[in-house]
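One structure below.
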Amino acid sequence: FDSAAVPAGSDLKVARVVPEGDQVPGPGRQIVVTFDRPIVALGLMAVDAAQVAVSVSPSVNCQWHWLDPRSFACELNAAQALAPATRYTVTVAAGITAQDGAKLKDEYRWSFTTERPAITGYSFRTWRTPGTPVVRLVFNQPVTEDTVESKLRFGNQSGVQATPDPYEREVFYVLPLPGEAASVLFPLGTPAA
């Protein structure tokens with residue numbers, strides 16, 4: 001809160017919201033609404049669940065609290081993070097009152113969409129039959145066979161058959177060594193030192 005910047009007008013306004021836009025990367029574990037002036041006194045960060053004036057649709061299991069006198073946050077634990085490929089709508093109810101008596105005149109609503117599935121890697125090694133290649137696709141998040149079959153197309157060809165990769169493969173990160181002609185390979189999931 002910048003005490004030199006006095007909010008203009010007698011109405012409370014939403015100054016910033018997080019997250020916003022499309023393709024919000026996961027795992028999303030926080031939603032924040034920041035107002036243009038202080039709502040609560042410094043130190044009063046806990047919130048009674050019955051007094052939360054913000055709703056999220058589809059519903060999420062938030063633990064609401066104040067980050068500072070102007071910023072209200074929904075915190076989610078790792079098991080209840082925002083779902084991928086989902087459009088969320090957040091509504092801030094009208095009537096919230098700031099310390100100086102200013103009120104939020106109208107409800108404030110915004111939407112954001114979490115990251116959608118995308119292909120992050122692919123490979124081709126063999127043919128099932130002439131004209132029927134076997135292509136391995138790697139996605140940035142779990143996908144279902146039905147979704148892949150209904151959305152994936154090769155040119156005008158229909159009837160793509162999707163199956164989980166039957167081979168247990170290790171994924172490696174390749175990191176070039178500065179000033180060296182060699183690289184270091186780290187298997188996916190290697191713990192950090």
*Let me see the working for Leu82 and Leu76 under side chain to side chain contact (heavy atoms under 4.5 Å, CB included), right down to the final yes or no.*
CA-CA 8 Å; Leu82 297 172; Leu76 300 161; 3.8 Å; yes
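- With a 6.0 Å radius and a threshold of 12 heavy atoms from other residues, nucleotides or ligands, Arg87 has its CZ atom above the threshold.
- Within 6.0 Å of CZ in Phe124 there are more than 12 heavy atoms belonging to other residues, nucleotides or ligands.
- In this view, Thr34 and Ser71 satisfy the side-chain hydrogen bond (donor to acceptor under 3.5 Å, both in side chains) rule, not counting sequence neighbours.
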Indicate every side-chain donor-acceptor pair of residues 127-135 with a distance under 3.5 Å to a residue at least two apart or in another chain.
unit_1, atom_1, unit_2, atom_2, d
Thr129, OG1, Thr132, OG1, 2.8

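- By the 4.0 Å N-to-carboxylate-O rule, Arg70 lies too far from Asp36 to be salt-bridged with it.
- With sequence neighbours excluded, the residues forming a side chain to side chain contact (heavy atoms under 4.5 Å, CB included) with Thr97 are Lys103, listed by chain and number.
- At a threshold of 4.5 Å between non-hydrogen side-chain atoms, the residues Tyr108 and Thr91 do not count as touching.
- Screening residues 144-160 for salt bridge (charged side-chain N to carboxylate O under 4.0 Å, His left out) gives no qualifying pairs among residues at least two apart or on separate chains.
- Among residues two or more places apart in sequence or in another chain, the side-chain hydrogen bond (donor to acceptor under 3.5 Å, both in side chains) test is passed with Thr86 by none.
- Between the CG atom in Leu104 and the CG atom in Asp11 there is a gap of 8.5 Å [rounded to 0.5 Å].
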*Are Ile96 and Phe72 close enough, and set up right, to give a side chain to side chain contact (heavy atoms under 4.5 Å, CB included), and what steps lead you there?*
CA-CA 12 Å; Ile96 295 175; Phe72 195 48; over 6 Å; no
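- Identified under the ring-ring contact (aromatic ring centres under 6.0 Å, His included) test for residues 28-58, with sequence neighbours left out: none.
- Here salt bridge (charged side-chain N to carboxylate O under 4.0 Å, His left out) pairs that include residues 106-115, with residues two or more places apart or in two chains, are Glu107-Arg109.
- Under the 4.5 Å side-chain contact rule for hydrophobic residues, Val143 and Val160 share a cluster.
- Residues passing the side chain to side chain contact (heavy atoms under 4.5 Å, CB included) test with Ile119 are Leu137, Phe139, sequence neighbours excluded.
- Of all non-hydrogen atoms in Pro117 and Gln141, the two that sit nearest each other are N-NE2, 3.5 Å.
- Contact check for Trp110 versus Val14: no side-chain heavy atoms found under the 4.5 Å cut-off.
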_Full working for side chain to side chain contact (heavy atoms under 4.5 Å, CB included) between Ile39 and Leu12_ = CA-CA 9 Å; Ile39 308 296; Leu12 177 64; 3.6 Å; yes
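- No continuous path of hydrophobic side-chain contacts links Leu42 to Leu67 [ILVMFWY only; heavy atoms under 4.5 Å].
- Evaluation of the side chain to side chain contact (heavy atoms under 4.5 Å, CB included) rule for Gln99 yields Pro38, Ala41 as partners, not counting sequence neighbours.
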Show every donor-acceptor pair shorter than 3.5 Å between a side-chain atom in residues 19-27 and any protein atom, with sequence neighbours excluded, or say none if there are none.
unit_1, atom_1, unit_2, atom_2, d
Asp22, OD1, Thr113, OG1, 3.2
Gln23, OE1, Arg116, N, 2.9

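- Applying the salt bridge (charged side-chain N to carboxylate O under 4.0 Å, His left out) definition to pairs two or more places apart or across chains, none involves residues 23-35.
- The shortest non-hydrogen separation linking Val32 to Ala73 is CG2-CB, 4.0 Å.
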Side chains of residues 44-64: which donor-acceptor pairs under 3.5 Å do they make with residues two or more places apart or in other chains?
unit_1, atom_1, unit_2, atom_2, d
Asp48, OD1, Ala50, N, 3.4
Asn61, ND2, Gln80, OE1, 3.2
Gln63, NE2, Asn61, O, 3.4

